[in-house]
*Asks:* 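Take this structure first; my questions come after.
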Amino acid sequence: MKIKIYDDILTSLKKINVNCSDEFTVEIPNIIEHGDFSSNVALINTKIIKIKPRDLAQKIADDLSKKKDYKSIEIAGPGFLNFKLANHLYYKELKNIIAEQKDYGSSNYGQKKKVLIEFISANPTGPLNIVSARAGAYGDTLFRIMGHIGFEPFREFYVNDAGNQVDIFAESLEIRYRELHGHSIEEFPFEAYHGEYIKDLAVELNTIEGTKLFHMTEEDRLDRMKTFALAEIHRMQVASLDRFDVQFDNWMSEKKLRLEGILEEALSYLAEAGCTYEKDDAVFFSSTKFGDVKDRVLIKADGNPTYLVPDIAYHLTKYNRGFDIIIDVLGPDHHGHVSKLRAAIKALELDDSKLEVVFLQHINLLQDGEVVKMSKRAGKIVSMDDLLDEVGKDAARYFFINRKPSAHLDFDLELAKKKSSENPVFYCQYAYARINSIIKKAKKVKLSLKKFDVKNLSKLNKADELNLIKKMMDLGSVLNLCADNREPHRLAAYVHELAGMFHKYYAKYKIIDEGKADLSLARLYLISAVQNVISISLDLMGISSPKKM
RNA sequence: GCGCCAAUAGCUCAGUUGGAUAGAGCAACGGAUUUCUAAUCCGUAGGUCAGGGGUUCGAAUCCCUUUUGGCGUGCCA
């Protein structure tokens, strides 16, 4: 609808022969007296053309008033144009909402651009924690929204299943395995993984292998430990994600990248570009040429690559796979890393404007009012499964999506555990369930929308009713904003507002009035549309729409 | 030291990309159920948008600066 008004103004500008910037906006004003939509078109052009804002506004208003689509066009303040729409436009949109069902709000806005969203990418050395849960809710919701409005999004999880940390992980398992067989351990190494789940893994491994592993060479044994542990952890992570309704289109293995020689490929490209040099027995990347603060080591003096190399190689594959937009969703402790990566991408002569990094800010986990420190190696984790056990998928997802990514998040465990009205997800779901029960009651009194004549939509003439429709038709632009800014939290706010408008409407008006069948049916039609829009919104956030609560 | 992110009601956060009188939820207080679900609604109260300066018709929003907090600045990943 904003687009329609925008186009109307453009056409009008041409007609009255005013040549000015098309960078004006059409918005829904905060204050209801300012109309349904307002535009600043006359204001932004004061410098370019020499017409007073209010005069220009008047000319546009005069022209557009000839159309039947506007109930009124007013000029306000310094020169705002305030539009009130004719009711028939609302009814037309309402019919669309009902007709399009789950497809309402979808569009080809994304122009089929291929988008790679990499998120979570947690280390394969333990169960997923609450940080991964935030990333999961965020990345998956962004995926769903972008898919709805015509992008071609792709979800990927990068598995760091090679390198130093995986060796340490295997050694940690070895220690626990030895403990099972009565080997005394003087002191558990500090850098090893301390989590209790490793003991469980050891027990599992023991039931499969028994004492067989002791007859192997140390190298073979550790290798077996590694393979077993990685597979088990992967299985655990997939299971947790399933509970959270998060799936991936691809799990990219670092080990596989290494085996396929992509690391060497990336290194040779960098060398060809003349961006590497040797010093102190190590190979350096002259990243300072590309805006980094210092040069970085690629190959350590011991001959092993640093973590940067596989990461460059991984991003090389992202580019080679032809994505138009590459989104990395990372934790806040990785931002030092991006300047290096970006430098490498420039060195490889790839278009670094395609790469976007979203940093999800820290989560402070509060328990009894105190911050709990989370660390995998110290074994103090609140796992994603714990969270799901406590608050359930719907509340957890809403909780995470409800905040913009750049905001720090205090997660109060006690509060999140409460299944009460303090949690806004119930408010939205309740609106859906309420509508459902009204429709059920309508059937009992033989009111069926099948008998509804859309001519009777004119019965919907209360401001509250038109405002509900206005809110619903804003879905498309909300989704566009969510996608463009990579900020799905806007959808959470939107559905909460829509649910609130419905609850207020419900309290004020009776939907089913058996004496007035036409009015009742018109209102049923309206709330069915509300139900549909709430359900679409919740779906896009991966939250269920319960018929009963 | 340098870099990134933040600072809005007692608390947790929005704020449609620079718009008109800064909004929700929770907490507090007062009210509404013979009724389509009270997990709801109505009302009251709560603000120097961290401080200062600048840009312009117009700033919570953009620029500069100060303060405070988080994180980064490894031949760890």
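In the text below, chain A, chain B and the rest are named by the order of the sequence lines, each starting its count at 1. Bear in mind the structure is a predicted one, so any value in this text is a computation, not a measurement.
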*Asks:* Please tabulate, one pair per line, each protein N/O and nucleotide N/O from nucleotides 3-7 of chain B that are separated by under 3.5 Å, including the distance.
*Replies:*
{"residue": "B:G3", "atom": "N2", "partner": "A:His335", "partner atom": "NE2", "Å": "2.6"}

*Asks:* State whether the number of non-hydrogen atoms from other residues, nucleotides or ligands found under 6.0 Å of A:Lys300 atom NZ is greater than 12.
*Replies:* yes

*Asks:* In whole Å, what separates the C1' atom of B:A60 from that of B:C13?
*Replies:*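 That atom pair is separated by 14 Å.
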
*Asks:* Taking 5.5 Å and 30° as the limits, would you call A:Phe80 and the base of B:A20 a stacked pair?
*Replies:* yes

*Asks:* Work out how far the C1' atom of B:G31 is from that of B:A38, and round it to whole angstrom.
*Replies:* 13 Å

*Asks:* Test your reading of the model: is there a side-chain donor-acceptor pair from A:Arg342 to the backbone of A:Asp292, 3.5 Å cut-off?
*Replies:*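 No, A:Arg342 side chain to A:Asp292 backbone: no donor-acceptor pair under 3.5 Å.
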
*Asks:* Identify whether any heavy atom of A:Lys440 sits under 4.0 Å from a base atom; if not, whether one sits that close to sugar-phosphate; answer base, sugar-phosphate or nothing.
*Replies:* nothing

*Asks:* Between P on B:G25 and NZ on A:Lys504, what's the gap in Å once rounded to a whole number?
*Replies:* 6 Å

*Asks:* Can you tell me the pairing partner of B:C29 across any strand shown, Watson-Crick or G-U wobble, with both distances under 3.5 angstrom?
*Replies:* B:G43

*Asks:* Test of understanding: with side chain to side chain contact (heavy atoms under 4.5 Å, CB included), list the residues that count as partners of A:Ile299, not counting sequence neighbours.
*Replies:*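 If we apply the side chain to side chain contact (heavy atoms under 4.5 Å, CB included) test to A:Ile299, skipping adjacent residues, the hits are A:Leu267, A:Val283, A:Pro305.
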
*Asks:* Choosing from B:A39, B:G15, B:G19, which nucleotide comes nearest the side chain of A:Arg490?
*Replies:* B:G15

*Asks:* Could you tell me whether A:Asp513 and A:Arg523 have a side-chain N and a carboxylate O separated by less than 4.0 Å?
*Replies:*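 Salt bridge flag = no for A:Arg523 with A:Asp513.
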
*Asks:* Are there any protein N/O atoms within less than 3.5 Å of an N/O atom in nucleotides 28-36 of chain B, and if so, which ones and at what distance?
*Replies:*
{"residue": "B:C36", "atom": "O2", "partner": "A:Ile512", "partner atom": "N", "Å": "3.2"}
{"residue": "B:C36", "atom": "N3", "partner": "A:Ile511", "partner atom": "N", "Å": "2.9"}
{"residue": "B:C36", "atom": "N4", "partner": "A:Tyr506", "partner atom": "O", "Å": "3.0"}
{"residue": "B:C36", "atom": "N4", "partner": "A:Tyr509", "partner atom": "O", "Å": "2.4"}

*Asks:* Given the rule in the ring pair (Phe, Tyr, Trp, His ring centres under 6.0 Å) test, do A:Phe359 and A:His334 qualify, once you have shown the distances and angles that lead to the verdict?
*Replies:* CA-CA 8 Å; A:Phe359 292 107; A:His334 285 76; 8.2 Å; no

*Asks:* Can you name the residues that form a side chain to side chain contact (heavy atoms under 4.5 Å, CB included) with A:Lys279, not counting sequence neighbours?
*Replies:*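 Only A:Tyr277, A:Phe284 meet the side chain to side chain contact (heavy atoms under 4.5 Å, CB included) criterion with A:Lys279.
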
*Asks:* When rounded to the nearest Å, what value does the distance between P atoms of B:C2 and B:G47 take?
*Replies:* 37 Å

*Asks:* Within this structure, what is the CG-to-P distance between A:Leu330 and B:A77, rounded to whole angstrom?
*Replies:* 17 Å

*Asks:* Quickly work out the A:Lys340 NZ to B:C2 P distance and round it to whole Å.
*Replies:*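 It works out to 20 Å between those atoms.
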
*Asks:* Paired with B:A59: which nucleotide, if any, by Watson-Crick or G-U wobble criteria at under 3.5 Å for both distances?
*Replies:*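 Base-paired to nothing in any strand shown.
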
*Asks:* With P as the reference atom in both, quote the distance from B:A50 to B:G74 in angstrom, rounded to an integer.
*Replies:* 33 Å

*Asks:* Is the NZ atom of A:Lys256 crowded by more than 12 outside heavy atoms at less than 6.0 Å?
*Replies:* no

*Asks:* Give me the distance, rounded to whole Å, that separates B:C26 from B:A39 when you measure between the P atoms they each carry.
*Replies:* 13 Å

*Asks:* Which donor-acceptor pairs under 3.5 Å do the side chains of residues 166-173 of chain A make with protein atoms, sequence neighbours left out?
*Replies:*
{"residue": "A:Asp167", "atom": "OD1", "partner": "A:Lys226", "partner atom": "NZ", "Å": "2.8"}
{"residue": "A:Ser172", "atom": "OG", "partner": "A:Ile168", "partner atom": "O", "Å": "2.8"}
{"residue": "A:Ser172", "atom": "OG", "partner": "A:Tyr193", "partner atom": "N", "Å": "3.0"}

*Asks:* When you measure from the side chain of A:His503, which nucleotide among B:C41, B:A14, B:G74 comes out closest?
*Replies:*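 Between B:C41, B:A14, B:G74, the one nearest the side chain of A:His503 would be B:C41.
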
*Asks:* Can you tell me the Watson-Crick or wobble partner of B:G23, both distances under 3.5 angstrom?
*Replies:*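 With both distances under 3.5 Å, B:G23 matches B:C13.
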
*Asks:* Return whichever of A:Lys279 or A:His34 has its heavy-atom-nearest nucleotide of RNA chain B closer to the 5' end.
*Replies:* A:His34

*Asks:* Of the options B:A14, B:C57, B:A20, whose atoms approach the side-chain atoms of A:Ser38 most closely?
*Replies:*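 So the side chain of A:Ser38 is nearest to B:A20.
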
*Asks:* Consider the side chain of A:Tyr307, meaning its heavy atoms from C-beta on, and name the nucleotide among B:A14, B:A77, B:C75 that approaches it most closely.
*Replies:* B:A77

*Asks:* For a quick check of understanding: with a heavy-atom distance under 4.0 Å over all strands, which category does A:Ala442 fall into, base, sugar-phosphate or nothing?
*Replies:* nothing

*Asks:* Step by step, work out the side chain to side chain contact (heavy atoms under 4.5 Å, CB included) result for A:Leu475 and A:Leu491.
*Replies:* CA-CA 8 Å; A:Leu475 176 67; A:Leu491 182 58; 4.2 Å; yes

*Asks:* For A:Lys2 and B:U16, give me the distance from atom NZ to atom P, rounded to whole Å.
*Replies:*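 It works out to 11 Å between those atoms.
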
*Asks:* How many Å lie between CZ on A:Phe502 and C1' on B:A24, as a whole number?
*Replies:* 19 Å

*Asks:* Can you check the A:Leu56 CG to B:C57 C1' distance for me, whole Å?
*Replies:* 14 Å

*Asks:* Rounding to a whole Å, what distance do you find between A:Tyr158:OH and B:A77:P?
*Replies:* 11 Å

*Asks:* Would you say NZ of A:Lys393 has more than 12 non-hydrogen atoms from neighbouring residues, nucleotides or ligands within 6.0 angstrom?
*Replies:* yes

*Asks:* Using the P atom in both, what is the distance from B:G54 to B:A59, to the nearest Å?
*Replies:*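 My reading of the P atoms in B:G54 and B:A59 gives 12 Å.
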
*Asks:* Using the test side-chain hydrogen bond (donor to acceptor under 3.5 Å, both in side chains), find all partners of A:Ser448 that sit at least two apart in sequence or belong to another chain.
*Replies:* none

*Asks:* Side chain of A:Asp167, base of B:A77: donor and acceptor closer than 3.5 Å?
*Replies:*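 Absent.
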
*Asks:* Go through B:U40, B:A24, B:C75 for me and flag the one nearest to the A:Val297 side chain.
*Replies:*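 When the side chain of A:Val297 is considered, B:C75 is the closest of B:U40, B:A24, B:C75.
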
*Asks:* Is there a donor and acceptor pair, one atom on the side chain of A:Thr306 and one on the base of B:A77, closer than 3.5 Å?
*Replies:* no

*Asks:* Looking at every strand, decide which applies to A:Ser477 at a 4.0 Å heavy-atom threshold: base, sugar-phosphate, or nothing.
*Replies:*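 No contact.
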
*Asks:* What is the nucleic acid contact for A:Asp280, judged by heavy atoms within less than 4.0 Å: base, sugar-phosphate only, or nothing?
*Replies:* base

*Asks:* Passes salt bridge (charged side-chain N to carboxylate O under 4.0 Å, His left out), A:Lys462 versus A:Glu465? Steps please.
*Replies:* CA-CA 5 Å; A:Lys462 298 268 191 299; A:Glu465 288 161 340; 5.7 Å; no

*Asks:* Describe the nucleic acid contact of A:Ala76 in one word from base, sugar-phosphate, nothing, applying a heavy-atom distance below 4.0 Å.
*Replies:*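 It contacts base atoms.
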
*Asks:* Give the rounded distance in Å between these two atoms: NE2 of A:His337 and C1' of B:C76.
*Replies:*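 Value for this atom pair: 13 Å.
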
*Asks:* Roughly how many Å apart are B:G18 and B:U61, using the P atom of each and rounding to a whole number?
*Replies:*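 It works out to 11 Å between them.
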
*Asks:* Is it true that atom NZ of A:Lys289 has more than 12 heavy atoms of other residues, nucleotides or ligands lying nearer than 6.0 Å?
*Replies:* yes

*Asks:* So what's B:G1 paired with, Watson-Crick or G-U wobble, going by both distances under 3.5 Å?
*Replies:*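 Here B:G1 is engaged in a pair, and the nucleotide opposite it is B:U73.
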
*Asks:* Quantified in whole Å, what is the C1' atom distance between nucleotide B:A28 and nucleotide B:A9?
*Replies:*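 Rounded to whole Å, the distance is 13 Å.
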
*Asks:* Among the nucleotides B:A77, B:G19, B:C75, which one has an atom lying closest to any side-chain atom of A:Ala282?
*Replies:*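 So the side chain of A:Ala282 is nearest to B:C75.
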
*Asks:* Which part of the nucleic acid, if any, lies within contact of A:Asp295, taking any heavy atom under 4.0 Å across all strands shown: a base, the sugar-phosphate backbone alone, or nothing?
*Replies:*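 Answer is nothing: A:Asp295 stays at 4.0 Å or more from every strand.
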
